[in-house]
Student: 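Supplied in structure tokens, the structure appears directly below.
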Amino acid sequence: MSKALSPLDVALEQLNIVAEKMDLDPNIHEVLKHPKRSLIVSVPIRRDNGEVNVFMGCRVQHNDARGPFKGGIRYHPNVTVDEVTALAMWMTWKCAVVDIPYGGAKGGVACNPKELSKKEIEGITRRFTTMLLEIIGPYRDVPAPDVYTDGQTMAWIMGTYSQYKGYRVPEVVTGKPIDVGGSEGRVEATALGVVFCIREATKQLKMPLKGASVAIQGFGNVGWNAANILHNLGCKIVAVSDSQGGIYDPHGIIPSKVYEYKEKSGSVVNFKGAQSITNNELLEIPCDILVPAALENQILKNNADRIKAKIVAEAANGPTTPEADKVLFEKKVFLIPDILANSGGVASSYFEWVQNLTREHWVTKETNKKLEVKMVKAFRDVYAISKKERVDMRNAALMLGVGRVAEAIRILGLWP
Ligand code: NAD
């Protein structure tokens with residue numbers, strides 16, 4: 001039986017494919033295969049019961065030819081250096097696709113936050129930050145939240161870094177709460193970016209957005225906000241789900257009512273008037289637009305053929321496998337790949353960093369407008385490549401991202 005590809009295998013294979021399509025300089029290809037720096041540390045903390053536990057932590061800095069490294073820090077028991085390396089590589093391409101002056105990085109600590117107290121998580125965060133002091137910084141590497149880290153985690157990182165510097169340095173991390181330098185609109189930014197991409201895709205397909213039926217997998221930050229924004233634009237949200245299951249109503253649900261219900265009950269499941277469905281059934285529901293906004297590896301070789309949506313907008317990272325990509329392309333499903341669709345999150349992080357560096361604070365209307373300009377330009381750049389090179393949107397996005405990074409490396413040259 002063949003072994004499933006690891007995220008790093010997939011990332012390197014994607015790079016190989018686009019390198020060939022683009023006729024990439026083999027020397028630059030060689031550079032891009034490897035992260036510039038990987039730091040692996042052991043993070044010891046004293047647990048609430050007095051015991052000392054040690055957790056593996058790492059920060060992988062893939063490439064900084066276009067600007068300081070940028071990428072989230074995740075806390076999850078399955079964190080490995082290989083996985084973090086793949087995620088760092090994808091961040092390099094994503095920042096280049098949305099054309100912000102950052103390179104790519106990712107970090108993680110292999111721990112289970114569900115089994116740790118808030119004090120223990122704070123301990124891990126502050127200790128881990130001291131171990132990263134030499135390699136992070138506003139012009140070096142700017143972390144952000146990822147799986148099971150949030151604004152509070154970023155505030156602890158900023159506080160610890162600032163203590164060492166002797167002055168407040170909000171620009172060392174993004175995704176902070178607004179009171180300590182966060183940006184207006186950050187919470188909705190990823191979803192809004194996804195919606196801008198969907199709007200552009202419907203224009204290309206000459207399909208009205210108003211009245212389009214939408215199914216959304218995942219009802220967390222991105223899924224709920226995407227549902228709400230699309231509903232306000234006149235779409236019909238026919239299905240949503242979370243880790244416990246999904247709901248379906250062909251007449252359309254009102255996302256804010258489902259949100260209120262989930263706040264009380266803990267899940268969207270059993271929402272009054274809707275039919276219960278599984279997460280797999282949600283993917284195959286008849287609809288115009290499908291938004292996977294939960295986990296990786298959801299659209300696979302064995303279910304891709306049953307997807308009925310005309311547009312698949314990847315709000316989540318890595319929801320579609322490379323084999324499923326081929327099936328969707330053959331079925332003429334218009335796929336908006338993750339490194340384009342969800343790049344509104346990192347674009348908004350960039351706005352936060354700029355505001356922090358200039359000690360300014362922009363209003364939501366301003367951040368949303370800037371986001372729209374970035375997302376529409378990125379979508380049109382990727383779409384133009386897909387038409388010119390006759391490739392799917394995933395390969396077009398990779399060609400754009402890899403191409404921009406390769407060009408920066410070429411201009412900078414190799415020294416010494
Ligand atoms: P979140 O934790 O707020 O929400 C995740 C949602 O997925 C929850 O509703 C959860 O119940 C659901 N879920 C978990 N397991 C599931 C399963 N097996 N089947 C169906 N649903 C399941 O996370 P989020 O911030 O909304 O992120 C969602 C996705 O978007 C992730 O892939 C993340 O990497 C990606 N993303 C998020 C951002 C951001 O700014 N938050 C930016 C870029 C990419």
Side-chain angles (χ1 to χ4, degrees), residues 7 70-76 78-79 83-84 86-87 90-91 93-95 97-98 100 104 106 108 113-114 143-151 153-154 174-176 182-183 185-195 197 215-229 239-247 255 258-259 261-263 265-269 271 276-283 285 290-300 303 313-320 336-352 367 371 375:
K70 183 89 190 94
I73 290 183
R74 65 172 53 179
Y75 291 171
H76 194 278
N78 299 344
V79 163
E83 181 203 37
V84 172
L87 292 164
W90 285 322
M91 281 307 296
W93 316 144
K94 191 182 293 188
C95 292
V97 166
V98 73
I100 50 178
K106 205 81 177 190
K114 290 185 179 165
D146 194 69
V147 177
Y148 294 138
T149 57
D150 56 16
T153 326
M154 298 305 111
T174 59
K176 300 178 293 292
S183 181
R186 173 66 188 91
V187 174
E188 304 84 14
T190 305
L192 190 57
V194 172
V195 173
C197 287
I216 302 184
Q217 186 191 49
F219 205 64
N221 173 280
V222 182
W224 136 247
N225 279 299
N228 197 37
I229 299 167
V240 296
S241 70
D242 59 31
S243 58
Q244 297 181 42
I247 54 170
V258 179
Y259 184 84
Y261 171 78
K262 183 177 159 95
E263 284 285 280
S265 68
S267 170
V268 301
V269 173
F271 178 73
S276 287
I277 52 168
T278 65
N279 262 297
N280 283 338
E281 284 167 344
L282 179 137
L283 297 171
I285 281 255
L290 173 66
V291 184
L295 302 172
E296 56 278 6
N297 291 338
Q298 296 301 301
I299 304 178
L300 313 167
N303 66 358
E314 292 186 331
N317 283 313
T320 314
I336 312 172
D338 47 7
I339 60 169
L340 168 63
N342 69 36
S343 64
V346 73
S348 163
S349 274
Y350 165 66
F351 300 149
E352 180 176 335
T367 53
L371 183 68
M375 295 305 302

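Just so you know, ligand 1 is whichever comes first in the structure, and atom 1 is the first atom listed for that ligand.
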Student: Quick one: are Leu283 and Gln298 in side-chain contact, heavy atoms under 4.5 Å?
Tutor: yes

Student: Any nitrogen or oxygen of Lys94 lying under 3.5 Å from a nitrogen or oxygen in ligand 1? Just yes or no.
Tutor: no

Student: If we only count N/O pairs under 3.5 Å, is Leu295 in contact with ligand 1?
Tutor: no

Student: Check each of Gly345, Ser243, Ala293 against atom 15 (N) of ligand 1 and report the one with the nearest heavy atom.
Tutor: Ser243

Student: When you check the gap from the basic side-chain N to the acidic O, do Glu352 and Arg186 get nearer than 4.0 Å?
Tutor: no

Student: Does a side-chain heavy-atom distance below 4.5 Å link Thr320 with Glu314?
Tutor: yes

Student: When rounded to the nearest 0.5 angstrom, what distance separates CZ in Phe351 from OG1 in Thr367?
Tutor: 7.5 Å

Student: Measure up the His76 and Tyr148 rings against each other and bin them: parallel (under 30°), tilted (30 to 60°), perpendicular (over 60°).
Tutor: parallel

Student: Flag the pair Glu188 / Asn221 as yes when at least one side-chain heavy-atom distance between them is below 4.5 Å, and no otherwise.
Tutor: no

Student: Is the closest protein non-hydrogen atom to atom 11 (O) of ligand 1 under 4.0 Å?
Tutor: yes

Student: Ligand 1 versus Asn317, non-hydrogen atoms closer than 4.0 Å: side chain, backbone, both, neither?
Tutor: both

Student: How many angstroms lie between CZ in Phe271 and OH in Tyr259, if you round to the nearest 0.5 Å?
Tutor: 14.5 Å

Student: So is Phe219 polar-close to ligand 1, meaning N/O to N/O under 3.5 Å?
Tutor: yes

Student: Tell me whether ligand 1 is touched by Glu296 - counting only heavy atoms on the residue side and a distance under 4.0 Å.
Tutor: no

Student: Are the side chains of Asp146 and Lys106 in contact, using a 4.5 Å heavy-atom criterion?
Tutor: yes

Student: Polar contacts were defined as any N/O atom of the residue lying under 3.5 Å from an N/O atom of the ligand; does this apply to Asn279 and ligand 1?
Tutor: yes

Student: Is it the case that ligand 1 has an N or O less than 3.5 angstrom from some N or O of Ser241?
Tutor: no

Student: Counting C-beta onward and ignoring hydrogens, is there a side-chain heavy-atom pair between Ile247 and Ile277 closer than 4.5 Å?
Tutor: no

Student: Record the part of Arg186 in heavy-atom contact with ligand 1 below 4.0 Å; permitted values are side chain, backbone, both and neither.
Tutor: side chain

Student: One residue to check: Ala315. Relative to ligand 1, which of side chain, backbone, both or neither has a non-hydrogen atom less than 4.0 Å away?
Tutor: backbone

Student: Is there any N or O on Gln217 that sits under 3.5 Å from an N or O of ligand 1?
Tutor: no

Student: Who gets closest to atom 41 (N) of ligand 1 by heavy atom: Asp338, Asn225, Val222?
Tutor: Val222

